[in-house]
There are 2 protein chains.
Amino acid sequence: MPAPSAAAQSTKERILGAAEELFARHGFEGASLRQLTSAAGVNLAAVNYHFGSKDRLVEEVFRRRLDQLNGHRSTALAKVAGLPETTIEDVLAAFIVPALELSHDAGGQLFMRVLVRAFAEDDDTLRKFLSDNYRHVMRMFTSEFARLLPHLTKEEVYWRVDLVTGALIHAMSGIGMIQRRSDVTEHEHRELTAEHLISFSAAGLMAR
Amino acid sequence: MPAPSAAAQSTKERILGAAEELFARHGFEGASLRQLTSAAGVNLAAVNYHFGSKDRLVEEVFRRRLDQLNGHRSTALAKVAGLPETTIEDVLAAFIVPALELSHDAGGQLFMRVLVRAFAEDDDTLRKFLSDNYRHVMRMFTSEFARLLPHLTKEEVYWRVDLVTGALIHAMSGIGMIQRRSDVTEHEHRELTAEHLISFSAAGLMAR
DNA sequence: CGTATGCTCAAACGATCGTTTGAACTCGCC
DNA sequence: GGCGAGTTCAAACGATCGTTTGAGCATACG
C-alpha cells in the first residue's frame with residue numbers, strides 16, 4: 001500500500017478527479033478511458049482494476065459528490081426546519097448555498113455539468129441511481145416549504161420547488177448568459193449568485 | 001428525384017428525425033451513425049452523402065429547431081413589445097409558450113434534452129453556433145423586460161431572465177420531479193406548465 | 001435509345017473503443 | 001532472504017466507431 005502521506009493522491013483519487021472533469025467536458029460516452037487515465041497519469045488498466053468497469057466509475061463519481069451535497073443540505077436544513085421564526089429565504093439558503101459551495105473546489109461546477117448531462121441521459125440505471133440518492137433530501141425540503149406556504153396545494157409546491165431547482169442548476173452549470181465577471185472573485189460571484197437566486201426564488205415561491 | 005408527394009418522408013428528413021431522437025437519448029457521441037441510419041431506415045452512407053459529416057448533421061438538427069423557436073418567439077414578442085398596456089406576463093408568455101409548443105410534435109421535448117446536452121458540451125464550435133443563433137432573440141426579450149422593470153439595473157435583468165431560462169429549460173426537458181400525470185392530456189399538461197412557469201417567473205422577475 | 005445525374009447500397013478502411021491478460025514491480029511480514 | 005498480496009504496466013483482444021469507395025439503380029433529358 002502506498003503511503004497516504006506521499007505528495008501525490010492515490011490512484012483511485014486521481015482517477016475520480018480526472019473522470020469528473022472529462023465526463024463534464026465530453027460526456028460519459030465521449031470521454032474515453034485512454035484520455036482519462038492519461039490525464040490522471042495512471043495506467044489504462046487501473047480503472048478496471050480499481051472500479052471494475054467504466055460504468056461503476058461513473059456511479060462512484062456521482063456518489064462522492066452527491067453524498068457531500070446531501071450531507072451539507074441536510075445539516076443546513078436541520079438548523080431551521082420546524083422553527084416558528086424560519087422564513088422562506090432561510091430554507092432556500094439551506095437548499096442553495098451548499099450546492100454553490102460545491103464549486104468551491106475546482107471540480108464543483110464541472111460536476112454540475114456532469115449532473116445536467118446525467119439527467120439528460122436515457123440510461124435508466126443511472127437515472128434510478130440518481131433518483132435514489134436525491135429524493136430523500138428533496139422530500140425534506142418540499143415538506144418544509146409546504147409548511148411555510150400553507151395556502152398552496154402539495155402539487156403547487158412540487159411545481160415551484162422544481163422550478164427553483166431548474167434555476168439553480170442553470171445558474172450553477174455556467175451554461176447561461178450569466179458568467180462570472182473578471183473583476184469579481186469567485187467567492188464574491190458565489191455570494192452574488194446566492195443572493196439573486198434566493199430573492200428570485202423566494203418571490204416565485206410566494207407568488208399570488 | 002423521388003416524388004415529394006410519396007407517403008414516406010425524404011431521406012434527409014428521416015435522418016433528421018432519427019438524429020433528434022437518438023442524440024437526445026444517447027448524446028452526440030453516444031449515438032452512432034449505425035444506430036441512427038438503422039432507426040431512420042436508410043443506408044449508413046446516407047448521412048455523409050446528404051450532410052457531409054456527423055458534425056454537420058448535428059448542426060442541422062439544431063438549426064431546424066432553433067429557427068422554428070426563434071421565429072415563433074419573435075412574432076409573439078412583436079405583438080406586445082413597446083405597448084403601454086403590456087404586462088410582464090405577456091412578455092413571459094411570448095418567451096415561454098413557443099418553447100413549450102415546440103414539444104407539440106413528438107421530437108420537441110427530446111430536442112430540449114439535446115439542447116441541454118449541447119450547452120453542457122465543451123465543444124466551442126457548437127457553443128458558438130448556438131450562441132449565434134440564440135443571442136439575437138434573447139436581446140429583444142431582455143430589453144423588453146428592462147422596459148417593464150425600470151427599477152432594476154440592466155445586470156439585474158440579465159440575472160433574472162437567465163434564471164427564468166433555467167426554470168423553463170428544466171421544466172421542458174422533463175428531467176425534474178414534475179412529470180405529466182397520466183390523467184391529463186399532453187395539451188393540458190403544456191398549458192399547466194405554462195401557467196406555473198409564468199406566474200412563478202413573473203413573481204421572480206418583479207421581486208422587491 | 002443513350003447518357004448524365006442524383007441517390008442508394010454493401011463492403012471495406014483505419015482508428016479508437018472498453019476490457020482482459022500475464023508478467024513485472026513494490027511492499028510488509030515471517 | 002524469500003514468500004505473497006496489492007498494484008502497475010505494456011500489449012493485445014474483439015467490437016464498434018466515422019468515413020470512403022465503387023458498383024448499381026432510378027429518373028430526366030437529348
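Residue numbers begin at 1 in each chain, while the letters A, B, ... track the order of the sequences. Both backbone and side-chain heavy atoms feed into the values below; hydrogens, waters and symmetry mates do not.
The heavy-atom pair separating Val161(B) from Leu205(B) by the smallest distance is N-CD2, 4.2 Å. Shortest non-hydrogen contact noted between Glu89(B) and Ala202(B) is OE2-CB, 3.5 Å. Annotation for Leu168(B) and Ala99(B): closest pair CD2-CB, 4.1 Å, computed over non-hydrogen atoms.
You'll find that the side chain of Leu44(A) is closest to dA12(D), out of dA12(D), dT8(C), dA11(C). Closest to the side chain of Ala45(A), out of dT7(D), dT20(C), dT8(C), is dT20(C).
Within the nucleic acid shown, Ala46(B) has no heavy atom closer than 4.0 Å to any nucleic acid atom.
Rounded to a whole Å, the OH atom of Tyr49(B) is 12 Å from the C1' atom of dA26(D). If you take NZ of Lys54(B) and P of dT16(D), they are 15 Å apart, rounded to a whole angstrom. Residue His26(A) contributes atom NE2, which lies 15 Å from atom C1' of dC17(C) at whole-angstrom precision. Following rounding to the nearest Å, Lys12(B) (NZ) and dG6(C) (C1') show an atom-to-atom distance of 13 Å. Rounded to an integer number of Å, the gap from Phe51(A) CZ to dG6(D) P is 17 Å. One can place CG of Asn48(A) at 15 Å from C1' of dA10(D), the figure rounded to the nearest angstrom. Nucleotide dC17(C) holds its C1' atom 15 Å from the CG atom of Leu22(A), rounded to whole Å. Rounding to whole angstrom units, NE2 of residue His50(A) and C1' of dT8(D) are separated by 8 Å.
Of the residues in residues 30-43 of chain A, Ala31(A), Ser32(A), Leu33(A), Arg34(A) come within less than 4.0 Å of DNA chain C through at least one heavy atom, sorted by number.
No more than 12 heavy atoms of other residues, nucleotides or ligands shown are found within 6.0 angstrom of CZ on Arg56(B). In the displayed structure, His189(B) atom NE2 is contacted under 6.0 Å by more than 12 heavy atoms of other residues, nucleotides or ligands.
Within the cation-pi definition used here (under 6.0 Å to the ring centroid, within 45° of the axis), Arg73(B) qualifies as a partner of Phe95(B).
The pair Arg181(A)-Glu188(A) does not count as a salt bridge, with every side-chain nitrogen at least 4.0 angstrom from each carboxylate oxygen. Between Glu60(A) and Lys12(A), none of the side-chain N atoms (NZ, or NE/NH1/NH2) sits under 4.0 Å from a carboxylate O, so this pair counts as no salt bridge.
A sub-4.0 Å separation between OP1 or OP2 of dT8(C) and a side-chain N or O of Thr11(B) is present.
In the model, His136(A) has no side-chain atom that pairs as donor or acceptor with a side-chain atom of Asn70(A) under 3.5 Å.
Note on the helix from dC1(C)-dG30(D) to dC30(C)-dG1(D): terminal axis deviation equals 20°, with five pairs used at each end and the result rounded to 10°.
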